[in-house]
Each structure stands twice: as structure tokens, then as C-alpha cells.
Enquirer: 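What follows is a structure written as C-alpha cells; I'll ask about it next.
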Protein chains: 2
Amino acid sequence: MKKGVTTLKKLSKILNLSVSTVSRALNDHPDISDETKESVKKLAQSMNYVPNIFAKGFRKSKSNILGVLVPSITHYFHSTILKGILEEASMKGYRVIISESNNDVLQQTEMLNTLTQFGVDGILASLTKKTKNVDSILPVFSKLPVILFDKVSNKIPCTRIITNDEEAAYNVVEHLINIGKKRIAIIKEREFSYNSEKRYTGYLKALKDNNLEIDEKIIISVDDISQQQGKRMTNILLSLKQRPDAIFAITDGAAIGVIQTLKKFNIKIPEEIAVVGFSNNINSTIIEPTLTTVDQPGETLGKTAVKYLIEEIESNTDIVMHKTIELKSSLIIRDSTFRAK
Amino acid sequence: MKKGVTTLKKLSKILNLSVSTVSRALNDHPDISDETKESVKKLAQSMNYVPNIFAKGFRKSKSNILGVLVPSITHYFHSTILKGILEEASMKGYRVIISESNNDVLQQTEMLNTLTQFGVDGILASLTKKTKNVDSILPVFSKLPVILFDKVSNKIPCTRIITNDEEAAYNVVEHLINIGKKRIAIIKEREFSYNSEKRYTGYLKALKDNNLEIDEKIIISVDDISQQQGKRMTNILLSLKQRPDAIFAITDGAAIGVIQTLKKFNIKIPEEIAVVGFSNNINSTIIEPTLTTVDQPGETLGKTAVKYLIEEIESNTDIVMHKTIELKSSLIIRDSTFRAK
DNA sequence: CTGAAAGCGCTTACAG
DNA sequence: CTGAAAGCGCTTACAG
């Protein structure tokens, strides 16, 4: 530690007050006279007094640091969530430690443990896709407040902040029906993906509500959804006797692969086959035709998650009601389903 | 603090040893017998002992936390740098606090100060483009180790980690010359942007070395480089009597705007006008034609920055040699300059 | 309205 | 090889 650092002790000596009084004055304790407060604060200011965060944290066993765990920081949607988290946290006087699980279950467990032992006041986590077994991370949830966002699990008792994937997918399919499509394929993830399942449920529901046939042949599940897989699965769909007239890919990345393959075969988008993605990545306006997709409110999601987490941290009761907050996302219609003339 | 937490005191009581011995055993102090060490470690393990990071940090006035400041976390290149930072830091036993300046000079100063007072051991920062006056952030650099990366300033005495922008730009221009281009335009930022200036210097040098005319009319400077500006500036370039036969945009975003505008006017890329960007964003493979660009080693840059920062933090001398580390980036040739048949 | 004192959990110079 | 004790900078119950 640099010498010359201003401490309560130094201030108290100069002012001929006790350390306790100085501490209380700085913390606006009601017992202290306005006069004293003023003189203390003035001196503190002029001497650039900054409380030692570690002494403080140590004393109160509170760090004012939030831990955040995401699968990958370069994932665009997650980076917008992080933006919201940073902003809200900083407004509330909290700092944010970020870690990545790299979509690896082992790393995820390790990171959660390290965050915990690093003394964060609470954790905001988005799980890896492959998180089937939650046993190894469950203990963390009983040690400190943890809130899950986006990639959540319903095997874990905690507050969850998500977007209305089911409804959004329902709207996607209704939009496709509205533009005259009748044979709507979906490219989704095979299993364990909470979000994919929700979107699939919305898809099924919309088909049923509109009395459209549900055909297993155009319901495609892949292990790891990606642009590559989008391409590959489109080839499969095109090889069917009865081709679909629309393809709903569960992610923008896959939807872009779909478009690229359709273009390769000179299939007219959206006239022959319409395409919809999910997430409104930057890419979705670069691809031609521009991609109809679902815009998810990343920043708002991040901010909301922070609000609920801090509420839990600062609440005095031990009984916490776990809520599931669903934020509205919105359909963005672009050229891949409907071209304005 | 939860009750039931294992502390050194508890361990010492159970083992009938002093707290000091337990502490030393856990820290592998040479004075302690192997026997004692073993039994202490065993018990600590079985009781899930985790050192209180705040007591430790407080005691040693070291937090093992690095502060990172970037203009925007959603910026793709920076998010890859962050990935590298997180990985390297976690390997070295450090955690990372991330903040954004939102490209705002005031927020930048504030964030640097907060990081400092939050007791981070050192800071990694990438400055806002508009950082002309560094007076307000200079004090931070004398308080603790700070390393600048990517968006640096040479008005600040510190270690800098950057990519070889000048050389990379030189290579871009040489590549354009090699494919037969003679009238190469550049779209750059107006001022104060360290990176833009470097790239511009490389551009000028390559033209001179190849005896090509430097024509002010095709050297375009914009305030805030973006896709929009790329479009607008292309319109200007196309309105010239003597059109360029290649456009080098200082960022991928702008280059994409360039391509979109050229396509609007049915100009053949690269035959009539070739286009090059900078950074190798995800977008650069989505746009058609795919974009020739410069790939910058984001993760390596992040890791390197962490290495140098930790070296400074852990060095015992007060005299630190400030270095400037330049990492190699590489030209990625795609369809916007050269189409494989 | 103010102060003296204890204590948060750890490390480490000093002593043996 | 081990222990007693001091102290890091802060907050807060207790006393006046």
C-alpha cells in the first residue's frame, strides 16, 4: 500500500476527534452534529480520503461486487445483457466480476465456486446449453443469492429472468401464416436447451391453433446449432418430396446458413421459402435478404436481473420468494419474409 | 456472514495448533513440518475451508482483482480481447472487473477512479476515441499499474499493447496494388484516433513506395466512422470525375457500408472497385461479396496485456520500463478484392 | 452528541 | 518447528 494514503485515523488526529466520530460523520450517522459532519467531510474531501474497500468489506462481510457467469462473452446477445448489467450495477454502487464458462460444464462449476469464494455478494448466471445435471452447482445456490438469466434451468430453485420465447415463437409462426405460408419447418436444438424447447412449444401451439398439420419430417433437431448446421439442415429440407414453404431457425446464425443455402439453389426468398431467425444479431441486417427475426431486450434483461439480485442481497429476510420474470421481445419483420415494394 | 464458515481459528482449535501454524501450513511455509502441513491441509479440505478473501486482501493490501475499461463491451473486437483477458487472468489467479466508458470521456475518468478506489491491483484500459486531453486520467497512472491496449495514447507514460496497424495497412495497400489497382481511396477518422492515424500512415507509405500518386480527393476523413458514414462517403467518391478503383475503409463497419452502396449502383466488386475493411468482424463473412480485411489477434492481445500487467503488479521495483508491444495481424483475402474462380 | 474498545480473519516479525 | 501478539482500517454496541 502506498504511504500517504488518507485513513480515518489520520483525519481524526488532524480534527482532534475520535476515529469513531469521523467514521460516523462520513456515514451520515444521525447522532453526529451537522457542524462536525461538515468539517469532517470537508477535510476528507481535501485530503482525497477514499475508504479502504477491503477493510470495509471485511468488516461488514459485504463486497459490493456482483459475479456474472456467461457461456461466452463474445456472444452478441449476451454482450448486450452484460452492458445492461454493468450500467445498472454501477448506478447502484456495485462492481461486476465477469467470468466465462466457455460452454463447458466443468468450467462452469469451477467458475461459480471461485466467484463464491471471491466474496461476491451475489451471482448472475446464464448456464451452458449442456447443463443437464445441476447437482454440482446446486450447493452454490444455498450459499448466496444467485439469479439465472436467459439460459436457465427449472431444476434450480431461484429467481429467473428470461424473455418470452414461447410467445415470440408463436408470433413468428403466426406471421408466417399471415403471409400465406402453410408448411413451416423448424430447426431447433436437440435437447436440454431451455430456450429451444420454449420456442418449439410456441411453434407447435401456433400450428395447432391455426389447424396446420404438424409434420415430423420438417421438424429438425440438431446437436449444436450454428451457421454450418443451418446450411446442412437446409439441404436436408430441400431434399424432401414436400418441401417447406418457410423455415424458422431457432437462432440467427442458423437462419443465415439457411439463407445462404437457399440462395445457392436460387430459391426465391421469401416467395418460395421464407426464413425467420431469432435474436436480432448485427448479422441479420447484413445478410441479403435481410432477416426477419425476434429482437430480445438484452440491456433491459441485464438491468432487471441486477435489480432483483440486489433486492435479494439487501433484503433482511431469509425467505426469498423466487420469481420468474418474463420480458417481452418483439418480431422484426424484414425482407426474408416480407419485402416492402 | 453465514455461520458455520470454516476459519483458521476453528481449524486451529480442532487440531490443537495455533492459528499462526495453521496459516503457515496452508501457505506452505518452509518452517512447518511436512507432517503438520499434511494434517492441516487434510482437515481444511474436509471442512471446506476457503480463505476469507477480504481478510487476506485487507491484510496484504492486494486484491487479486484486475480492472478493465473498454469503450463498449458489445464491440466485437474488444469482446475477443476481453475473452483473452479473462482466460489469462483466471489462469494466474486473478479476477477481472469490467467497466465501460461508453466512449464518453467523463465516464472514462469516473470509471478509472472508481476502479482505483475499489482496490484493484492494476488496470487494463482501452481509451475512448475522443480522448485528446489526458490530464484528467493522468493521476490514475501514478497510483497503480495501468496498461493501455488497442486504443492507446502516446501522451501517457505506460506500457502499451497494440497491433501493427501501420504495417497491416501497408500490406492492405500492397495487396490492392498487386491485383492491379492504381487509384486507392481511404476512408479514415478525422483526428485523435491513434489507430486511424497509424493505418493512414501505412497507406501513405505504401503508395509512396510504389510510386503511386497521393490524391487528397480520395482521402476521406469522417468524424465518427460507421456503416452509415461508409455509405455516405462512397456516394461522394462515386461522384468524383476520377473514381477510385479501390476503397480501403479503416473499419469493417464502414467497408460494409461501402459495399452496400457500390452494389446499389451495380458497380462490380472487385473488378471495378475493390473493397477492404479492418478487424475481421463476423459480418465480414456475411456480406456479399465477402470482405477482405485484417484479422487482429484479439485473444492474444488480451492475454499479452494481462501478462505485462501482472508482471508490473508483482514486480518489487518501483522503476518500471514502459514498453510498446506490437502484435502481428494478418490480411484475410476474400471476394471483395480477389475472387477465386 | 462523542469516545474507548472490541473485533472482523488473516499474516508475520519476534521470541523461543 | 511452533506460538503469542500486534496490526491491517473500518464499524458499532456500549457507555457516558
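All values below were derived from every heavy atom in this structure, side-chain atoms included, with hydrogens, water molecules and symmetry-related copies excluded. Below, chain A is the first sequence line, B the second, and so on; all start at residue 1.
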Enquirer: Want to settle it: does A:F58 or B:V22 sit nearer the 5' end of DNA chain D, counting the closest nucleotide to each?
Expert: B:V22
Enquirer: A:T116: which residues meet the side-chain hydrogen bond (donor to acceptor under 3.5 Å, both in side chains) condition with it, sequence neighbours left out?
Expert: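 In terms of side-chain hydrogen bond (donor to acceptor under 3.5 Å, both in side chains), with neighbours along the sequence ignored, A:T116 is linked to no residue.
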Enquirer: Write down the distance between CG (B:L26) and P (D:dT2), rounded to a whole number of angstrom.
Expert: 14 Å
Enquirer: Determine, for nucleotides 10-16 of chain D in 5'-to-3' order, which nucleotides have protein heavy atoms under 4.0 Å from the base (write B), from only the sugar-phosphate (write S), or from neither (write -).
Expert: BBBB---
Enquirer: I'd like to check A:N113 versus A:V140 (side-chain heavy atoms, cut-off strictly below 4.5 Å). Are they in contact?
Expert: yes
Enquirer: Looking at DNA chain C, which of residues 33-43 of chain A put a heavy atom within less than 4.0 Å of it?
Expert: A:S33, A:T36
Enquirer: In whole angstrom, give the distance that lies between atom NE2 of A:H29 and atom P of C:dT2.
Expert: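 Nearest whole value for this atom pair: 11 Å.
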Enquirer: Only counting residues at least two apart or in another chain, list the ones meeting side-chain hydrogen bond (donor to acceptor under 3.5 Å, both in side chains) with A:K62.
Expert: A:N64, A:Y94
Enquirer: Enumerate the residue pairs fulfilling ring-ring contact (aromatic ring centres under 6.0 Å, His included) with a member in residues 60-90 of chain B, sequence neighbours excluded, ordered by first and then second residue.
Expert: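 Residue pairs with at least one partner in residues 60-90 of chain B: B:H75-B:H78.
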Enquirer: For B:R160, what residues pass the side-chain hydrogen bond (donor to acceptor under 3.5 Å, both in side chains) criterion, not counting sequence neighbours?
Expert: B:T324
Enquirer: Starting at the 5' end of DNA chain C, what dot-bracket string do you get if Watson-Crick and G-U pairs under 3.5 Å are bracketed, crossing pairs use [ ], other-strand pairs use | and unpaired bases use dots?
Expert: |||.||||||||.|||
Enquirer: For the pair made of NZ in B:K62 and C1' in D:dC8, what is the distance, rounded to whole Å?
Expert: 16 Å
Enquirer: Can you pull the salt bridge (Lys or Arg N to Asp or Glu O under 4.0 Å) pairs that have at least one residue in residues 90-118 of chain A, sequence neighbours excluded?
Expert: A:E88-A:K92, A:E100-B:K83
Enquirer: Can you list everything that forms a side-chain hydrogen bond (donor to acceptor under 3.5 Å, both in side chains) with B:T109? Sequence neighbours excluded, please.
Expert: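 Here the qualifying residues are B:S136.
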Enquirer: Of all residues at least two apart in sequence or in a different chain, which pass the salt bridge (charged side-chain N to carboxylate O under 4.0 Å, His left out) check with A:E299?
Expert: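 A:E299: no salt bridge (charged side-chain N to carboxylate O under 4.0 Å, His left out) contacts found.
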Enquirer: Take atom P in C:dA13 and the same atom in C:dG9, then report the distance between them in whole Å.
Expert: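 Their P atoms lie roughly 23 Å apart.
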Enquirer: Sequence neighbours left out, what passes side chain to side chain contact (heavy atoms under 4.5 Å, CB included) with B:P297? Give chain and number order.
Expert: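 Checked B:P297 against side chain to side chain contact (heavy atoms under 4.5 Å, CB included); matches are B:T163, B:T300, B:L327, B:S329.
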Enquirer: What is the separation between atom CG on A:L17 and atom C1' on C:dA4, rounded to the nearest whole Å?
Expert: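 In whole Å, C:dA4 C1' lies 14 Å from A:L17 CG.
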Enquirer: Please confirm whether the backbone N or O of B:P71 pairs with a side-chain atom of B:N103, one donor and one acceptor, at under 3.5 Å?
Expert: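 Judged by distance alone, no pair lies under 3.5 Å.
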Enquirer: With salt bridge (Lys or Arg N to Asp or Glu O under 4.0 Å) as the rule and sequence neighbours excluded, what pairs involving residues 41-55 of chain A come up?
Expert: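 Found A:D28-A:K41.
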